[in-house]
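Some notes on the structure that comes next.
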2 protein chains.
Amino acid sequence: MIHIATIKEVAKYANVSVATVSRVINKKGYVQKETQTKVEEAIKALNYRPNNVARSLFKKQSKMIGYIVPDITNPFFPQLVRAVEDVTVAQGYTTFLCNSDDNLEKELMYLNKMAENYIDGVIIVSNHMNESHLANLQIPVVALDRVFHESIPSVTIDNYQEARRAVMHLVENGCEKIAHISGPENIINSQLRKKAYQDVMMALERPVYISEGHYQMKTAQEATFRLLHEQKDIDAIFTGNDVMAVGALKACTKLGINVPKELQIIGFDGIEWTETVSPEITTIAQPIYEMGKKAATMLLNRINGKEEGQDHIVFPTELKIRETTTH
Amino acid sequence: MIHIATIKEVAKYANVSVATVSRVINKKGYVQKETQTKVEEAIKALNYRPNNVARSLFKKQSKMIGYIVPDITNPFFPQLVRAVEDVTVAQGYTTFLCNSDDNLEKELMYLNKMAENYIDGVIIVSNHMNESHLANLQIPVVALDRVFHESIPSVTIDNYQEARRAVMHLVENGCEKIAHISGPENIINSQLRKKAYQDVMMALERPVYISEGHYQMKTAQEATFRLLHEQKDIDAIFTGNDVMAVGALKACTKLGINVPKELQIIGFDGIEWTETVSPEITTIAQPIYEMGKKAATMLLNRINGKEEGQDHIVFPTELKIRETTTH
DNA sequence: TAAATTTGTGTAAACGGTTACAGATGAGTG
DNA sequence: CACTCATCTGTAACCGTTTACACAAATTTA
């Protein structure tokens, strides 16, 4: 059993007071060159590492930040994590990731645990959270992917407009009967994307074909089967996210439908999956890395008391034309 | 600015000592029914939540456990995370995930941060770690996916034997010229899988065709192009992991090769991707959820001082025959 | 050269909990 | 009825840091 040295032991070893050791560690306050060397030697000799729990207790901050995401299965997040770390590690923060299973209770549980541990800030991706849940929390928060409330800074894209763009891409490609596989009813972004589809169809006086795909591959596949069974002449599908686009594509492959010649598909999000399948899927790509970077920067600024003027950042997306649409 | 109540304030409000409040919180020691109610009311009135930092400092444990994984992009991990949480949350632990980018330095950094924060235990998936790095750490550790050292408990599969099984599956399907797309040289599991391939080929006196795919889709795709360019009559590929199998499949699709009629493919790991593509990929599936659950249980046992007899668990895998092999 | 300032160091009080210990009360026992 | 023992509560030390404050020595300033 190896003993972990404390600041007291370092002080005794170096023949100084704990205050002096603390000064050396934090490079703060006056300390003579000679004393400093003595202390540094003691630290090395005893293999001392400051205890962050004690430090956090006194300072009421931990140099840790957390993020809560609904489902790390979603290939959206790895990139996000990398972006956030690239920003925060450089400033001495450690980041921890938590998986909420898209479950409000779990989200609040994690939020509470974080507060109890003096986590300095949190980046949250959540479909259920609103500002009332954050009101009596002391932690700076940045919302990603969705706006919680005017008072809580956010980093998002314009789901409605970008979804319109997706649908318009199909229209411009000459598609006549365009269908939509929608995401869950209770997720606002999913509703915005659906509304965009409906509005475009309405404006063009075209019929609307919607089937619910729950943001998942398997269910989207089934939804596609249903759709194509009822309406055989559908020649394009806009799916509410990329995962469902993969499902739709699989359904077409199984039915022997040539994509994109007979039917075109466009997804939404820009996750990696769209490039692993054949044909590769055309999609509206969110600048995930950039969004993560921005969110992290905003959070750090909040933590350090530098409030930013612009608090609700909306990023542009990129239409990535690949192999499931003709141009 | 809302004030966060401390135990002292609760004590004053309830007209008792802090010790009594502590007893109520922890349901430990004697406390009169009536007093308990008083305290509970005070807790509710002040919206008190115990501060875990202070608690950790005294108890030298935090009720937090961490895992370090090389790359959350790897679809292997989400399932693992879920498994671990299912076990640990039930016992009051909070889990935090860290991404090491397959980088030893980052792994050690996280390990240190965890130690500094009295994290109670860690599950590590790492290609670089060995016991010397863990020796002067006080934290119970369980290794997943790879054995670090005899002294460090682990949960793994038998990479060599299971890889043999994969190759034998191709042999039994009547494949004549079987190639291998290998993973990185410095990863032991990747080497074991490669060795298994070589040994089977050797035993059957067949030629060996190996191309390096670095565990990645894009590079595996290129490796497949190279391979098929040099040896046109290859009729089967065993890839060192599933991600590379997806790459190999894409290469075949692009070359107009019919899978599985002209060429069969088998992967390794059992990640979700293998089911998102068409045809779905045959693979050796690791029981990821079970492995995570076991690892978590072992870790918790270690944390609670209940050492288990069996410290190196080797799980069986399942050969999932899908659409890229004939039977 | 006295006063003011800078430099260097130590003492002790926080931070917010837990728990060993002591003391008080009341019930049970021989 | 004295004694033991379970029940209930409070006091204070402790966990490992940081930092306000005090004090002394060295240096600068007038």
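Below, chains carry the letters A, B, ... as their sequence lines are ordered, and counting in each starts from 1. Keep in mind the model is a prediction, meaning the values are calculated, not measured.
- Here CD1 of Ile313(B) is found 10.0 Å from OG1 of Thr297(B). Values are rounded to the nearest 0.5 Å.
- Residue whose closest nucleotide on DNA chain D sits further toward the 5' end, between Phe58(B) and Thr6(A): Phe58(B).
- Between the CG atom of Leu46(A) and the C1' atom of dG16(D) there is a distance of 15 Å, given to the nearest Å.
- Side-chain atoms of Val31(B) lie closest to dT9(D) of the nucleotides dG16(D), dC14(D), dT9(D).
- With values rounded to the nearest 0.5 angstrom, Met114(B) atom CE is found 4.5 Å from Ile68(B) atom CD1.
- If you take NZ of Lys12(B) and P of dG10(D), they are 15 Å apart, rounded to a whole angstrom.
- Between Tyr30(B) atom OH and dT7(D) atom P the separation is 3 Å, expressed in whole Å.
- Of the candidates dC15(D), dG17(C), dT11(C), dC15(D) carries the atom nearest the Leu57(B) side chain, counting heavy atoms from C-beta on.
- At the heavy-atom level, Asn52(A) lies nowhere under 4.0 Å from the strands shown.
- Taking atom NZ on Lys38(A) and atom C1' on dT9(C), their separation rounds to 10 Å, with Å as the unit.
- At a threshold of 4.0 angstrom between heavy atoms, the contacts of Ser56(A) with the nucleic acid are absent.
- Side-chain N/O atoms of Arg23(B) and base N/O atoms of dG10(D) include a donor-acceptor pair closer than 3.5 Å.
- Within the 4.0 angstrom heavy-atom criterion, only backbone atoms of the sugar-phosphate kind lie near Val16(B); the bases stay farther away.
- Remark: Arg55(B) does not engage Glu116(A) in a salt bridge, criterion side-chain N to carboxylate O under 4.0 Å.
- For dG8(C), the OP1/OP2 oxygens have no side-chain nitrogen or oxygen of Thr35(A) closer than 4.0 Å.
- Between Ser17(A) and the phosphate of dG10(C), there is a side-chain N or O to OP1/OP2 separation shorter than 4.0 Å.
- A close approach under 4.0 Å does occur between a side-chain nitrogen or oxygen of Ser22(B) and OP1 or OP2 of dT18(C).
- With the nearest nucleotide of DNA chain D identified for both Val21(A) and Val18(B), Val18(B) has the one nearer the 5' end.
- Lys8(A) places its NZ atom 9 Å from the P atom of dT17(D), with the value rounded to the nearest Å.
- No side-chain heavy atom of Arg146(B) sits under 4.5 Å from any side-chain heavy atom of Val125(B).
- Rounding to whole angstrom units, NZ of residue Lys63(A) and P of dT18(D) are separated by 13 Å.
- We find the CZ-OG distance between Phe148(B) and Ser132(B) to be 11.0 Å, quoted to the nearest 0.5 Å.
- Distances were taken from every side-chain heavy atom of Ile7(B) (C-beta onward) to each of dG17(C), dT19(C), dT19(D); the shortest belongs to dG17(C).
- Atom CD1 of Ile25(A) is separated from atom P of dT17(D) by 7 Å (rounded to the nearest Å).
- A sub-4.0 Å separation between OP1 or OP2 of dT19(D) and a side-chain N or O of Lys28(A) is present.
- At dT18(C), none of the side-chain N or O atoms of Lys60(B) fall inside 4.0 Å of OP1 or OP2 (strictly under the cut-off).
- Not one side-chain nitrogen or oxygen of Asn51(A) sits closer than 4.0 Å to the OP1 or OP2 atom of dC15(D).
- Atom NZ of Lys59(B) and atom C1' of dG16(C) are 14 Å apart (whole Å).
- At the phosphate of dT9(C), OP1 or OP2 sits under 4.0 Å from a side-chain N or O atom of Gln32(A).
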>> Assess the residue pair Asp120(A) and Lys60(A) against the criterion (salt bridge (charged side-chain N to carboxylate O under 4.0 Å, His left out)); give the C-alpha distance rounded to whole Å, side-chain angles, the decisive distance to 0.1 Å, and a yes or no.
In response: CA-CA 9 Å; Asp120(A) 295 341; Lys60(A) 294 176 191 293; over 6 Å; no
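- Summary of the strand contacts: Ala54(A) and Arg55(B) both lie near DNA chain C, and taking for each the nucleotide with the nearest heavy atom, the more 5' one is attributed to Ala54(A).
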